[in-house]
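The first residue in the sequence is number 1, and the count goes up from there. First listed ligand is number 1; within each ligand, the first listed atom is number 1.
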Amino acid sequence: MNIDWPDALELGPVTVLTGLDKGKYPHGNSMLVQGSQETILIDPSLTVAHRGMPTQVDQIFLSHVHEDHIPGMSHLKDVPVSCHEADAVGLTSIDGLMSMYGLPPSVEEDFRQEVIEDFNYEPRSDVSTFSDGDVFDLGDAEIQVVHTPGHTHGHCAFLVPQARAVFLGDIELSGFGPYYFDAHSSLDSFEQSLNRCRSLDADHFVTFHHKWVISGRELFLEMLDAFENVISNRESAMLDFMSEPKSIDDCASERFVYRPSVDMNFVGHVETRSAQIHIARMVKQGRVVEVSEGIYRTTDH
Ligand SMILES: [Zn+2]
């Protein structure tokens with residue numbers, strides 16, 4: 001296809017437009033799918049915003065609506081954009097996008113500015129939507145939509161059988177593990193989606209961030225296990241900590257998500273969300289009990 005792009009990876013009809021630092025946040029790896037009739041760009045990254053598009057594009061598909069997956073749309077203002085219906089609210093207005101994150105006002109104020117100024121956010125009124133199982137024929141190549149909610153309600157993976165490739169978006173297989181701390185996130189859905197990913201019929205697994213492209217099914221499944229284990233390791237560490245009665249705030253201060261060295265203004269919010277999510281779930285499972293109001297302890301069995 002001869003796309004002129006530094007570090008591009010070509011897999012038949014698919015070209016991975018590798019982002020700066022292999023797509024490390026705030027950058028990301030976009031994916032181009034070129035059929036004989038149509039070309040679709042998946043997740044226009046900040047690197048695309050900086051460099052511009054190397055070729056003509058007929059449509060934009062989004063794995064989900066988050067600030068780092070849309071900045072390149074600034075070069076593609078007249079190109080139709082589609083995402084899952086559950087995420088469309090984030091494209092139609094900045095307030096809609098902010099409602100998906102659900103940040104406290106003290107954090108949201110700066111982040112809202114950043115999304116507009118650094119990630120080129122502009123609302124789009126003409127958003128199309130797709131659903132699980134939809135298939136788009138580009139001519140000699142197709143894109144199959146696989147709904148993988150959890151990170152956001154509308155997060156989707158895209159399978160391109162002709163390239164034996166799948167775009168995984170923010171199922172990004174990093175050591176940090178799954179990110180499920182937003183208002184529009186769900187831990188249970190994320191786990192179900194990870195399970196669904198095990199049966200994806202592909203050989204190349206394209207992540208949006210710095211793990212880049214994983215080639216080989218076995219390696220992918222190993223990395224998927226490690227990614228998912230971050231969740232159970234977090235719960236084990238919390239159960240140890242709660243062998244003595246603790247509050248949500250105690251758990252948040254102990255930090256089960258970020259290392260103590262990370263000093264960003266959203267950390268407190270994320271740690272609190274994480275503590276709430278896991279404690280609620282472990283209470284339901286009978287692994288944790290509320291011993292007095294707002295105080296929790298690991299059960300003995
Ligand atoms: Zn995201």
Side-chain angles (χ1 to χ4, degrees), residues 17 19-31 41-49 60-73 81-92 94 96-103 107-108 111-112 114-116 118-121 124 127 129-130 145-158 166-187 189-194 196-197 205-212 224 227-228 230-231 257-258 264 266-267 269-270 273-274 277:
L17 301 179
L20 275 182
D21 297 327
K22 280 250 162 90
K24 196 167 175 15
Y25 185 90
H27 288 272
N29 306 308
S30 303
M31 191 168 110
L41 175 67
I42 299 173
D43 284 9
S45 70
L46 189 59
T47 311
V48 168
I60 303 162
F61 279 12
L62 301 176
S63 65
H64 64 296
V65 181
H66 267 168
E67 78 288 355
D68 50 331
H69 296 253
I70 56 175
M73 284 172 57
V81 59
S82 304
C83 66
H84 189 277
E85 55 199 340
D87 276 22
V89 63
L91 274 181
T92 51
I94 184 77
L97 179 60
M98 288 298 133
S99 75
M100 290 175 64
Y101 298 112
L103 295 165
V107 179
E108 189 187 295
F111 185 58
R112 178 186 287 257
E114 225 179 275
V115 169
I116 294 168
D118 302 345
F119 293 95
N120 311 328
Y121 184 87
R124 292 276 296 246
V127 180
T129 60
F130 45 65
V145 176
V146 184
H147 186 207
T148 49
H151 180 63
T152 64
H153 295 323
H155 189 283
C156 288
F158 302 107
V166 62
F167 185 84
L168 292 170
D170 272 356
I171 300 177
E172 37 94 296
L173 306 178
S174 72
F176 183 85
Y179 190 96
Y180 48 87
F181 310 109
D182 288 346
H184 276 216
S185 300
S186 160
L187 172 55
S189 300
F190 211 136
E191 288 177 326
Q192 285 159 22
S193 293
L194 291 175
R196 191 168 180 200
C197 285
F205 301 85
V206 182
T207 78
F208 187 67
H209 289 300
H210 53 281
K211 293 296 174 183
W212 193 56
L224 196 66
F227 188 65
E228 184 163 16
V230 171
I231 299 168
V257 181
Y258 291 100
M264 309 277 258
F266 55 82
V267 168
H269 165 69
V270 171
R273 281 284 298 153
S274 173
I277 291 164

Just give me the atom name: the N, O or S atom of His66 closest to the Zn ion (ligand 1). ND1
Treating Thr129 as the side-chain partner and His84 as the backbone partner, does any N or O pair qualify as donor plus acceptor under 3.5 Å? no
Pick out which of Ile42, Leu41, Asp43, Val81 makes a side-chain contact (heavy atoms from CB on, under 4.5 Å) with Phe61. Ile42
Give a rough value, rounded to 10 degrees, for the angle at the Zn ion (ligand 1) between atoms OD2 of Asp170 and NE2 of His151. 90°
Is the closest side-chain heavy-atom distance between Leu62 and Leu91 below 4.5 Å? yes
Measuring to the Zn ion (ligand 1), does His64 have an N/O/S atom at a distance below 2.8 Å? yes
Test item: side-chain donor near acceptor, His69 and Asp170, under 3.5 Å: yes
